[in-house]
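Data first, discussion second: the structure below is written as structure tokens.
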Amino acid sequence: MVQTREYKNSGERISLLGFGGIRLPSVAEGSQEIDKKKLGEMVDYAISRGVNYFDSAYNYHGGTSESCIGEALSGHPRHKFNIATKMPSLGYLKSESDLDHIFNEQLKRWRVDFFDFYLLHNVNRGTLPVFDEYHVYDFLKEKQRQGLIRHLGFSFHDGPALLQEITGRHNFDFAQIQLNYLDWELQDVKTQYKILKEKQIPITVMEPVRGGMLATLCRESVEILKNVNPMASTASWALRYAASFPEVLTVLSGMSNMMQLKDNVATFEYFKPLTREELKTIKKAKTIYRGLLKIPCTSCRYCIACPKDIDIPAVFASYNSYSLSGNEKKIGKENFLFRYEILSPGKRADSCIRCNQCTHHCPQHIDVPYWMNIINEFYKRAVL
Ligand code: SF4
Ligand code: SF4
């Protein structure tokens, strides 16, 4: 069974592996439509191995993630699982009455009458004014008083200053941050962790594998990890990194197939915190990878409301496949062209009108139009 951690000395035990609902199995490569049969099998297996934390959000998989996981969980006793879901902001809240509407719809989607963990979704400098304008925290506190939410928290995509501010302003039961070995320094998650630790706010971890990036890395980095432990998957290093921090309650993994789930379950059944030597190994692999990675996109698809319908994460993935090939430029260019030309013409970088709508939604603060221009120029040269 996967190992568990205790929520705030309460006796409540949460599985160290959390089931993330952002990248569920799909009916076809690149499709957002969820394969319910596969998902059902994965949920059954996860529960049989002691996974008891299931996380999703109102907008994942075009709004179908919650109901599909809810359906898959409906055959299991309620005490076997915890549900974590989130209240959206930008693009979803137009008035205070939307809050009740969304919250009630979520209860129906999940087929439950209360939530175990509930979060303000994606708190950052862009979304905070929306949460404030519609008094979202007060609304959710009231739901908590009514017994409809057990623990109230927030997911966070900004810097330490805002984290200090929001945790000083409101009384949260937990916080969800993007803790992984790349962002520890890249996005100063180190300071975020310190702030939450000092305030004794339990941490749930999102993107421990950074949207799958740290499961694949680049050839040289993978070799470094394999030389030390040939049996361990690349993803398991990243999951163990996140879980090695004692204040972490659960590590969410967005799993798309049974193989990934079984690998992750094995990691957390036999979990041991990373040793000093293993941390040095990760540092070596990370330094090489960071030098090659151009665009830190996690494929979260928060930016997908592009008016030109550009497949932004797929465009970025194609360019990263080139940069991560390092000195093997010819192979890198082939990788890029293969991935880029699969996209239908309207979904490519040249359709960008630089409207900047995507940048407001991007939790990684990527200058999307800038990169669209770079990638379009690169493509033109690559096909010459
Ligand atoms: S800036 Fe470009 S990629 Fe971003 S939303 Fe506008 S058209 Fe789409
Ligand atoms: S560009 Fe930003 S918002 Fe869009 S998928 Fe990548 S990380 Fe997510």
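Remember, it's 1-based here, ligands and their atoms both numbered in the order they're listed.
When Ser351, Cys352, Pro307, Pro369 are ranked by how near their heavy atoms come to atom 2 (Fe) of ligand 1, first place goes to Cys352. Residue nearest to atom 5 (S) of ligand 1, selected from Cys362, Cys303, Ala349, Cys355: Cys355 (by heavy-atom distance).
Under the 3.5 Å distance criterion, the side-chain polar atoms of Asp116 are matched with a main-chain donor or acceptor of Ile83.
Residues Glu377 and Lys380 form a side-chain contact, since some pair of their non-hydrogen atoms from C-beta on lies under 4.5 Å apart.
Taking every heavy atom of Gln364 and a limit of under 4.0 angstrom, the matching atoms of ligand 2 come to 7 (S). Each of the atoms 3 (S) of ligand 2 lies under 4.0 Å from some heavy atom of Pro363. Those atoms of ligand 1 that come under 4.0 Å of a heavy atom in Asn356, given as number and element, are 1 (S), 6 (Fe). Atom numbering of ligand 2 starts at 1 in the shown order; those under 4.0 Å from a heavy atom of Ser299 are 5 (S). Set against the non-hydrogen atoms of Arg301, the atoms of ligand 2 under 4.0 Å away are 5 (S), 8 (Fe). For ligand 1 and Ile312, the ligand atoms under 4.0 Å from any heavy atom of the residue are 3 (S).
Shown are His121, His361, His365; of these, the ring pair (Phe, Tyr, Trp, His ring centres under 6.0 Å) with Tyr302 is made only by His121. If you run ring pair (Phe, Tyr, Trp, His ring centres under 6.0 Å) between Phe336 and each of Phe378, Tyr322, Phe316, only Phe378 comes through.
For Phe81 and Phe19, the gap between ring centers reaches or exceeds 6.0 Å. Note: His151 and Phe174 fail the aromatic proximity criterion, with ring centroids not under 6.0 Å apart. No close placement of the Tyr319 and Tyr340 rings is indicated, their centers lying 6.0 Å or farther apart.
Distance check, rounded to the nearest 0.5 Å: CG of Leu148 to CZ of Phe114 gives 10.0 Å.
Counting only heavy atoms of the protein, atom 1 (S) of ligand 2 lies nearest to Phe316 CE1, 3.8 Å. Atom 8 (Fe) of ligand 1 has its closest protein heavy atom at Cys306 SG, 2.4 Å. In terms of protein heavy atoms, atom 7 (S) of ligand 1 is closest to Ile353 N, 3.4 Å. Distance from atom 6 (Fe) of ligand 2 to its nearest protein heavy atom, with residue and atom name: Cys297 SG, 2.4 Å.
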- For the pair Leu93 and Val136, evaluate side chain to side chain contact (heavy atoms under 4.5 Å, CB included) and give the outcome as yes or no after the intermediate values. CA-CA 10 Å; Leu93 296 182; Val136 177; 3.8 Å; yes

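Among the atoms of Cys358, an N, O or S atom falls under 2.8 Å from atom 4 (Fe) of ligand 1.
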